[in-house]
Amino acid sequence: MMNKPETPVLETDLKMMDSVIDEKLRDMETPGFQAEFDPLEAERLGAFEESALSEQDALDSTIDQLQVSAK
């Protein structure tokens, strides 16, 4: 679950942020330019989407787990 910003963001603030983000994305097309995004801008772009495995999925995918055979 993604954390919500601690302070509410107004719709006008989001429009301004989107405008700034659009400009930064255009600037990124310039070779050698390194655009910096603050955490709220990065979150707005989806940079913090949780895609990790669950603990159980990670354990199930371990190939070197001790294999216990029933006798």
Side-chain angles (χ1 to χ4, degrees):
M1 178 175 235
M2 192 175 350
N3 292 333
K4 299 293 181 194
E6 292 182 17
T7 56
V9 180
L10 301 174
E11 185 175 338
T12 55
D13 293 337
L14 291 177
K15 288 180 183 180
M16 176 62 82
M17 184 186 302
D18 287 345
S19 175
V20 170
I21 289 171
D22 287 343
E23 188 173 326
K24 288 181 180 185
L25 291 172
R26 281 191 298 276
D27 288 343
M28 285 178 48
E29 295 176 5
T30 304
F33 184 82
Q34 295 181 359
E36 293 185 17
F37 294 86
D38 68 32
L40 286 176
E41 292 169 340
E43 182 177 2
R44 186 104 170 123
L45 286 169
F48 300 118
E49 183 177 328
E50 183 59 63
S51 61
L53 293 174
S54 70
E55 183 178 2
Q56 187 59 50
D57 288 341
L59 289 172
D60 291 344
S61 69
T62 304
I63 62 171
D64 58 349
Q65 280 184 343
L66 178 61
Q67 298 294 325
V68 179
S69 60
K71 291 184 179 182

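Taken together through direct or relayed side-chain contacts under 4.5 Å among Ile, Leu, Val, Met, Phe, Trp and Tyr, Met28 and Met17 form part of one hydrophobic cluster. Linking ILVMFWY residues whenever their side-chain heavy atoms come closer than 4.5 Å, directly or via other members, leaves Phe37 and Val20 in distinct clusters.
Taking 4.5 Å as the limit, every side-chain heavy atom of Leu40 sits out of range of all side-chain heavy atoms of Arg44.
Contacts of Thr12 classified as side-chain hydrogen bond (donor to acceptor under 3.5 Å, both in side chains), with partners at least two apart in sequence or in another chain: none.
Within the model, atoms CD of Glu55 and CG of Asp60 stand 10.5 Å from one another, a figure rounded to the nearest 0.5 Å. Note that CG of Leu10 and NZ of Lys15 are 11.5 Å apart. Values are rounded to the nearest 0.5 Å.
Pairs engaging residues 23-37 under the salt bridge (Lys or Arg N to Asp or Glu O under 4.0 Å) rule: Lys24-Glu41 [sequence neighbours left out].
Scanning both residues, Leu53 and Ser61, for their nearest heavy atoms gives CD1-OG, 4.5 Å.
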